Visitor: 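Before we start, here is the structure in question, set down as structure tokens.
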Amino acid sequence: MTSSPFPERWLVVEVATPADPHTTETLIDELSTLSGRGVEELPDRLVAYFVVDETEAPSSLRTIEDRLRAVTADAPIHVTHRWQAHEEWADLWRRGVVPKHITSRLVVSPTWERPELRPADLLISIDPGLAFGTAEHPTTRGCLRFLDGIVGKGQRVADIGTGSGILSVAAVLLGAGEVVAVDSDPWASAAARENAAANAVADRVEVVEMCVGPDFLPGRGLFDGIVSNLETKLLIPLLRGFRSGLRPEGWLVVSGVQLEEAEESILAAGSAGFSLVREDVEAGWWTGSFTV
Ligand code: SAH
């Protein structure tokens with residue numbers, strides 16, 4: 001996750017699929033953690049896409065290869081790389097993404113698919129355009145799993161780092177009366193607006209383009225709940241502000257935290273006045289829900 005998730009060119013890392021399925025699983029998990037995106041599984045190779053500054057590519061590649069060799073305990077792996085233009089990537093992505101059930105009732109689908117739904121299903125249609133947030137990443141799924149069960153009817157919710165707007169749309173479908181969806185990235189804000197409209201919830205989702213700092217959202221009143229899927233180092237300095245923006249008995253759902261950073265995040269949330277309620281881990285990514 002970066003503040004500008006759309007490079008002109010992606011660094012594409014390909015790893016020949018090893019014979020051992022366990023090693024393959026481990027590689028998929030690690031590639032997904034390192035890239036922050038889904039990993040394509042082709043019959044003969046795994047393909048992962050990285051946002052890397054071209055001048056830093058050699059050292060990034062070295063780090064990626066070192067990590068892959070470390071997690072596979074030096075099993076022989078064959079890694080290659082190439083560059084791919086963003087337009088080509090976006091097109092491939094569109095062809096690859098399929099609708100999925102995230103909870104018993106939340107279904108996320110690309111806007112160009114028409115999934116079959118059961119009567120109680122809640123459909124979130126997303127065209128991420130150039131933003132992060134397609135439910136392809138474990139952190140988005142972790143937030144969705146917690147939102148389903150925590151959002152109360154008519155609540156005011158803040159979605160800090162809304163990306164595609166996926167969590168804001170979910171919050172409204174789950175009963176929120178009003179969501180303030182904030183992102184510092186203009187592309188993400190545009191995508192969030194479009195997705196709110198495409199899901200017919202634009203009247204309940206206010207998209208605000210700003211970089212949230214320690215003061216949270218001055219002048220916007222108190223919220224019943226806050227969801228924020230950011231990297232740990234971005235998240236921790238914001239926790240006190242989140243606390244000051246919540247009503248008594250408010251809730252907080254955070255993700256973007258790697259498992260090994262969970263303890264640090266829980267401690268920081270504790271110092272900011274939050275108590276941990278539940279934790280969820282998927283593919284090395286941690287999501288937590290808190291009360292005040
Ligand atoms: N909520 C989506 C997207 C998460 S990606 C999901 O769960 O899938 C994180 C987003 O946070 C990015 O779009 C990035 O631009 C935004 N972001 C990072 N720091 C921010 C800050 N301080 N204020 C507002 N947005 C921020």
Side-chain angles (χ1 to χ4, degrees), residues 102-106 108 122 124 133 135 137-163 165-183 192 196 201 204-208 212-232 234-257 259 261-282 285-292:
I102 307 295
T103 68
S104 59
R105 58 180 174 165
L106 281 180
V108 178
L122 301 172
I124 307 171
H137 197 265
T139 56
T140 310
R141 293 196 288 267
C143 291
L144 288 170
R145 283 194 287 271
F146 278 158
L147 287 179
D148 190 355
I150 211 169
V151 177
K153 206 162 172 35
Q155 287 192 335
R156 270 196 101 214
V157 175
D159 173 10
I160 306 303
T162 192
I166 185 169
L167 303 178
S168 295
V169 173
V172 174
L173 298 183
L174 292 165
E178 181 194 345
V179 181
V180 178
V182 189
D183 206 292
V201 296
R204 302 214 182 169
V205 178
E206 184 192 355
V207 179
V208 178
V212 176
D215 294 340
F216 190 52
L217 301 175
R220 290 191 173 265
L222 295 178
F223 292 84
D224 299 292
I226 298 173
V227 61
S228 189
N229 181 10
L230 301 177
E231 291 165 48
T232 308
L234 298 178
L235 180 69
I236 287 182
L238 302 183
L239 289 167
R240 280 179 199 280
F242 288 176
R243 174 67 191 85
S244 68
L246 281 172
R247 293 192 172 128
E249 290 167 40
W251 52 263
L252 170 70
V253 171
V254 293
S255 193
V257 175
L259 187 52
E261 301 164 335
E263 203 178 315
E264 180 193 355
S265 305
I266 296 167
L267 282 174
S271 323
F274 290 103
S275 311
L276 181 67
V277 180
R278 283 172 63 206
E279 307 174 81
D280 171 296
V281 178
E282 185 189 338
W285 290 96
W286 178 92
T287 304
S289 82
F290 296 84
T291 51
V292 297

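Sequence positions, counted from 1, serve as the residue numbers for this chain. Since the model is a prediction, treat every value here as computed from it, not as a measurement.
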Visitor: Ile160 and Phe216: which non-hydrogen atoms are nearest, and at how many Å?
Guide: CD1-CE1, 3.8 Å
Visitor: Can you name the nearest heavy-atom pair linking Trp286 to Glu279, along with the distance?
Guide: NE1-OE1, 2.9 Å
Visitor: Test your reading of the model: is there a side-chain donor-acceptor pair from Thr139 to the backbone of Ser255, 3.5 Å cut-off?
Guide: no
Visitor: Could you tell me the separation between the CZ atom of Arg156 and the CD1 atom of Ile226, rounded to the nearest 0.5 Å?
Guide: 10.5 Å
Visitor: Quick one: closest heavy-atom pair of Asp183 and Thr162, and the distance?
Guide: OD2-N, 3.3 Å
Visitor: Looking only at non-hydrogen atoms, find the nearest pair between Gly163 and Ala192 and report the distance.
Guide: O-CB, 3.7 Å
Visitor: Which value, rounded to the nearest 0.5 Å, describes the distance between Trp251 atom CH2 and Thr291 atom OG1?
Guide: 12.5 Å
Visitor: Find out whether Trp285 and Asp280 are in side-chain contact, i.e. whether some heavy atom of one side chain is under 4.5 Å from a heavy atom of the other.
Guide: no
Visitor: Mind checking the CD-CD1 spacing from Glu261 to Ile236? Nearest 0.5 Å is all I need.
Guide: 7.5 Å
Visitor: Do His137 and Asn229 touch side chain to side chain, with heavy atoms closer than 4.5 Å?
Guide: no
Visitor: Any chance you could measure Ile124, atom CD1, to Leu144, atom CG, to the nearest 0.5 Å?
Guide: 5.5 Å
Visitor: Mind checking side chain to side chain contact (heavy atoms under 4.5 Å, CB included) for Leu222 and listing every partner two or more places apart, or none if nothing turns up?
Guide: Arg247
Visitor: In chain order, what residues pass the ring-ring contact (aromatic ring centres under 6.0 Å, His included) check against Phe146, with sequence neighbours excluded?
Guide: none
Visitor: Taking the side chain as every heavy atom from C-beta outward, state whether Ser265 and Val254 have any pair of such atoms under 4.5 Å apart.
Guide: no
Visitor: Do Val277 and Ile150 have side-chain heavy atoms sitting under 4.5 Å apart?
Guide: no
Visitor: What are the two closest non-hydrogen atoms of Leu238 and Pro214, and how far apart are they?
Guide: CD2-N, 4.0 Å
Visitor: For Arg141 and Ala135, indicate whether the former's side chain and the latter's backbone hold a donor-acceptor pair under 3.5 Å.
Guide: yes
Visitor: Leu174 and Arg105: side chain to side chain contact (heavy atoms under 4.5 Å, CB included), yes or no, with the steps?
Guide: CA-CA 10 Å; Leu174 292 165; Arg105 58 180 174 165; 3.4 Å; yes
Visitor: Testing the basics here: between Ala269 and Phe290, what is the closest heavy-atom pair and its distance to 0.1 Å?
Guide: CB-CE2, 3.5 Å
Visitor: Between CZ of Phe242 and CG of Leu217, what distance do you get to the nearest 0.5 Å?
Guide: 8.5 Å
Visitor: Mind checking whether Arg145 and Arg278 have side chains closer than 4.5 Å, heavy atoms only?
Guide: no
Visitor: Which distance, rounded to the nearest 0.5 Å, do you find between the CG of Asp224 and the NZ of Lys153?
Guide: 13.5 Å
Visitor: Determine, stepwise, if the pair Leu167 / Val157 fulfils side chain to side chain contact (heavy atoms under 4.5 Å, CB included).
Guide: CA-CA 10 Å; Leu167 303 178; Val157 175; over 6 Å; no
Visitor: Just wondering, do Leu252 and Leu239 contact through their side chains at under 4.5 Å, heavy atoms?
Guide: yes
